[in-house]
Amino acid sequence: MLDTVEGQYGDLLLPEETGFLEAYRRLGFDAQCLYVRLISRVGPWFRELRLHYPELGAITPAVDDLLQAGLAEQAAGLSVEDLGGLCSVAELSTLYATRAADKASLLQQISQVESSETGALDTLIAADCARVIAPAKTDVVNLLQLLFFGNRRQGLTDFVLSDLGVARYYPYALDRGQRLFPRRETLEAYLDCAACEDQWHVLLEQGDEKGIRELAVAMSCTAIRDPAVQHRWDRLYNRVARQLERMGESQLALTLYSLSQRHPARERSARLFEKVGAHSQAEQLCETIEAQPWCEDERDASRRILPRVRRKLYGGSTSRRRDQFDQFVLSLPHSDVRVERQVAQKLSGDWQQVRYVENQLMTALFGLAFWEQIFAPVPGAFNNPYQSVPADMYEQDFAANRRELLDSRLAELSTLSLDVELPNRWRSYQGFQCRWVNWRVISEELVTNAAAVIPREHLLAIWQRILFDPRENRRGFPDLLALGSRPGDYQMIEVKGPGDTLQDSQKRWLRFFREQGIPAAVAHVQWSDD
DNA sequence: ACCGGTCACACACAG
DNA sequence: AACCATAGAG
DNA sequence: CTGTGTGTGACCCTCTATGGT
Ligand SMILES: [Mn+2]
Ligand SMILES: [Mn+2]
């Protein structure tokens, strides 16, 4: 990891960071291993006496090595809480010759005895005849990890899971010359946003409303953001503003939403305008939205809000035509089994098979059909070898960034036999991590059957719509897929129990299916026993 | 980004 | 003794 | 009746040693 980061980002490392690289490389092998062990554990403090790593030989020289290199530090004091983390109840009882009902009260007693943090530490060191240490420079390691992975979620465990084969990643071409952080300033901008996110999480967890307001004000003061991290800020704006809404801080929420260029900022703003009685502003914003919606979900929301607002402004009534979908009603008894399963069971006599697949099947077929395009080496798409999807998978320009690739693949798919091609793809890629394919659920048999029965034109239409907006259109598929034995003999069925209604994403797919002549229906369940 | 985000769904409430 | 949560491991 | 908001549960390597209650 260090070599990769140095190669890719060596020029924008600070002296402390290059210093870390040198110091680590100068360590003996055992000390290097120990350092990795320590930073992988909770800590921060460790009793040297309790470090058992048979593969490392003696611990003491390794610790000496780390201390000398400045990659570990000795404790100068220990809070009673930290002491409790390092010692079991039995050990504490012996150390302080006391007993107590539970660990908490034992520590309570100890805090009476120990007047200072050095006291607790000295007691422990005297008993252990060994040091208490913590790994140092962990913040530098975090930074290097960020540079390696391009995100803050992944870390050393991803190496292990990959080595073990628990997670296998498709060997896509990775261009380390393409940098997520071209300059130090980009990195710093990312870290600024990250710090703000952390602060937000803390405040939210503490329910600190005053702190949240202050954070919001601070966020709204810096309006100029590095474009490379703008969408990160937008996500944070939306989250904080949503919380401000709940706190009744409409104005502050509106300010943050106005800085965000990410759904649902405008939808929420329109709702807020309506709520505070600024109907003409709500109207204006809805008109803006409908002139150029950021996504279909936003457009749908606006179409609900705008007529309502206009009614309030100008009176009158506008009748909205309701969606009409193919539907039927089923009577079922109450049961522990999910309604979807019950309906599948009930319908199974009419079909070859009825599968409860929800979003999983169509997304999987999409993933299999466009695997090579998804994993194509588009600049910036892959920052590390452990990704299950390109970085821009859910961005608006995913398809635009791969236009030619996708077009030629679409042309291929319109001539290939899909009931051969899709199972072939399944076998080629089986087990490789891909966000579109849940291998646990999608069997080769299911892919084969689906591809044999669902007409090519239907699949192509569905895939085109997914490509149009991969973020939104990967959800909302009906619960059930009923397959017959002949091409074209199938139906998708959305099950609705009593009190459940179609969601916007579900309506959008159902409307699309209706337009395309794709067989789909809604099964309304009523309880037969009440 | 510190077990969170995403999805489907049940339920409550307002008009 | 039975049970549960957690950390650490590959 | 519709449109909303809110809260719940399931799902994301898996096994085991340890320690606490
Ligand atoms: Mn469902
Ligand atoms: Mn359903």
Side-chain angles (χ1 to χ4, degrees), chain A residues 36-43 46 50-55 84-93 100-107 138 142 145-146 149 151-168 190-191 193-202 204-205 232 235-236 239 242-243 245-246 264 267-268 270-271 274-275 300-301 303-305 307-309 311-312 319-320 322-323 338-340 356-360 363 388 394 431 433 435 438-441 471-472 474-479 494-507 525:
Chain A
V36 173
R37 290 283 193 191
L38 294 182
I39 61 171
S40 309
R41 293 180 54 179
V42 172
F46 298 94
R50 283 293 140 93
L51 298 174
H52 299 300
Y53 293 112
E55 78 278 14
L86 289 173
C87 303
S88 68
V89 170
E91 286 174 321
L92 291 172
S93 299
D102 56 22
K103 194 165 189 175
S105 46
L106 182 56
L107 289 174
T138 53
N142 287 337
Q145 270 183 34
L146 169 61
F149 289 104
N151 62 63
R152 296 198 301 161
R153 291 173 273 116
Q154 293 181 285
L156 301 182
T157 55
D158 291 82
F159 294 131
V160 179
L161 293 180
S162 174
D163 286 351
L164 287 171
V166 169
R168 290 169 53 225
Y190 184 99
L191 292 174
C193 185
C196 206
E197 287 167 356
D198 293 347
Q199 203 184 337
W200 157 246
H201 274 283
V202 171
L204 183 66
E205 196 162 323
R232 262 191 111 76
R235 196 172 51 188
L236 190 57
R239 271 184 215 172
R242 194 68 187 80
Q243 184 60 30
E245 282 191 62
R246 286 189 260 268
E267 176 195 336
R268 296 309 317 172
R271 291 183 195 282
E274 184 188 12
K275 188 177 163 216
D300 286 353
R303 284 183 184 168
R304 271 196 301 263
I305 299 166
R308 201 168 56 214
V309 168
R311 226 174 301 133
K312 288 177 184 166
S319 64
R320 202 156 62 84
R322 298 249 302 281
D323 280 307
R338 300 191 58 128
V339 278
E340 293 87 349
Y356 179 23
V357 289
E358 239 158 32
N359 301 324
Q360 314 231 56
T363 53
S388 55
Y394 303 122
Q433 294 289 316
R435 287 267 269 282
N438 181 350
W439 294 109
R440 291 183 165 184
V441 175
R471 173 189 290 276
E472 280 202 303
R474 76 197 137 127
R475 59 177 177 246
F477 286 100
D479 295 312
E494 171 55 38
V495 177
K496 283 300 164 200
D500 187 13
T501 50
L502 287 170
Q503 310 189 357
D504 284 349
S505 62
Q506 296 174 328
K507 286 183 188 166
V525 172

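Naming: A, B, ... by sequence-line order, numbering from 1 per chain.
Residues forming a side chain to side chain contact (heavy atoms under 4.5 Å, CB included) with A/Lys103 (at least two apart in sequence, or on another chain): A/Val89, A/Leu92, A/Leu107. A/Tyr53 is linked by a ring-ring contact (aromatic ring centres under 6.0 Å, His included) to nothing, counting only residues two or more places apart in sequence or in another chain. For A/Asn359, there are no side-chain hydrogen bond (donor to acceptor under 3.5 Å, both in side chains) partners two or more places apart in sequence or in a different chain. When the ring-ring contact (aromatic ring centres under 6.0 Å, His included) test is applied to A/Tyr190, the partners found at least two apart in sequence or on another chain are A/Phe181. Under the side chain to side chain contact (heavy atoms under 4.5 Å, CB included) criterion, A/Arg246 pairs with A/Arg242, A/Gln243, sequence neighbours left out. A/Val441 is linked by a side chain to side chain contact (heavy atoms under 4.5 Å, CB included) to A/Gln360, A/Asn438, counting only residues two or more places apart in sequence or in another chain. For A/Glu340, the side-chain hydrogen bond (donor to acceptor under 3.5 Å, both in side chains) partners two or more places apart in sequence, or in a different chain, are A/Arg338.
Within 4.0 Å of A/Arg37, counting heavy atoms only, lie sugar-phosphate atoms of the nucleic acid but no base atom. Among the protein residues, A/Tyr53 comes within range of the sugar-phosphate backbone only, with heavy atoms under 4.0 Å from sugar or phosphate atoms but none that close to a base. Heavy atoms of A/Lys496 sit under 4.0 angstrom from primed sugar atoms or phosphate atoms, though from no base atom. Note on A/Glu274: nothing from the nucleic acid sits closer than 4.0 angstrom, heavy atoms only. Within the 4.0 angstrom heavy-atom criterion, no nucleotide atom of any strand lies near A/Asp163. Contact annotation for A/Asn151: no contact, since no heavy-atom pair falls under 4.0 Å across all strands. Residue contacts for A/Gln503: at a heavy-atom cut-off of 4.0 Å it reaches a base atom on one of the strands shown.
Between A/Arg152 and A/Glu197, at least one side-chain N (NZ, or NE/NH1/NH2) sits under 4.0 Å from a carboxylate O, which counts as a salt bridge.
Within the 4.0 Å cut-off from OP1 or OP2 of D/dA10, not a single side-chain nitrogen or oxygen of A/Arg338 is found. The shortest distance between the side-chain N/O atoms of A/Arg440 and the OP1/OP2 oxygens of D/dC12 is below 4.0 Å. Proximity of A/Arg242 to the phosphate of D/dT6: a side-chain N or O atom is located under 4.0 Å from OP1 or OP2.
Here the nucleotide nearest the side chain of A/Arg308, chosen from B/dG5, D/dT4, B/dC9, is D/dT4. The side chain of A/Arg475 has B/dA8 as its nearest neighbour among D/dT4, B/dA8, B/dC2. With distances taken from any side-chain atom of A/Arg153 to the nucleotides D/dC13, B/dA1, B/dC7, the minimum falls on B/dA1.
The distance from atom CZ of A/Arg235 to atom P of B/dT6 is 8 Å, rounded to the nearest whole Å.
In this structure, a donor-acceptor pair under 3.5 Å is absent between the side chains of A/Gln145 and A/Asn142.
Residue pairs satisfying the salt bridge (Lys or Arg N to Asp or Glu O under 4.0 Å) criterion with at least one member in residues 495-505 of chain A, sequence neighbours excluded, are listed as follows: A/Arg304-A/Asp504, A/Glu494-A/Lys496, A/Lys496-A/Asp500.
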Please tabulate the protein-to-nucleotide N/O contacts below 3.5 Å involving nucleotides 13-15 of chain B, giving atom names and distances.
none

Can you name the atoms? Protein N/O to nucleotides 18-21 of chain D N/O, anything below 3.5 Å, with the distance.
| from | atom 1 | to | atom 2 | distance (Å) |
| --- | --- | --- | --- | --- |
| D/dG20 | OP1 | A/Val89 | N | 3.0 |
| D/dG20 | OP1 | A/Lys103 | NZ | 2.9 |
| D/dG20 | OP2 | A/Val89 | N | 3.3 |
| D/dT21 | OP2 | A/Lys103 | N | 3.1 |

All N/O pairs under 3.5 Å across the protein-nucleotides 10-12 of chain B interface:
none

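When DNA chain C is scanned 5' to 3' for any atom under 4.0 Å from a heavy atom of chain A, the first and last hits are C/dA7 to C/dG10.
The 5' end of DNA chain D is approached more closely, in terms of each residue's nearest nucleotide, by A/Arg271 than by the other of A/Arg271 and A/Asn438.
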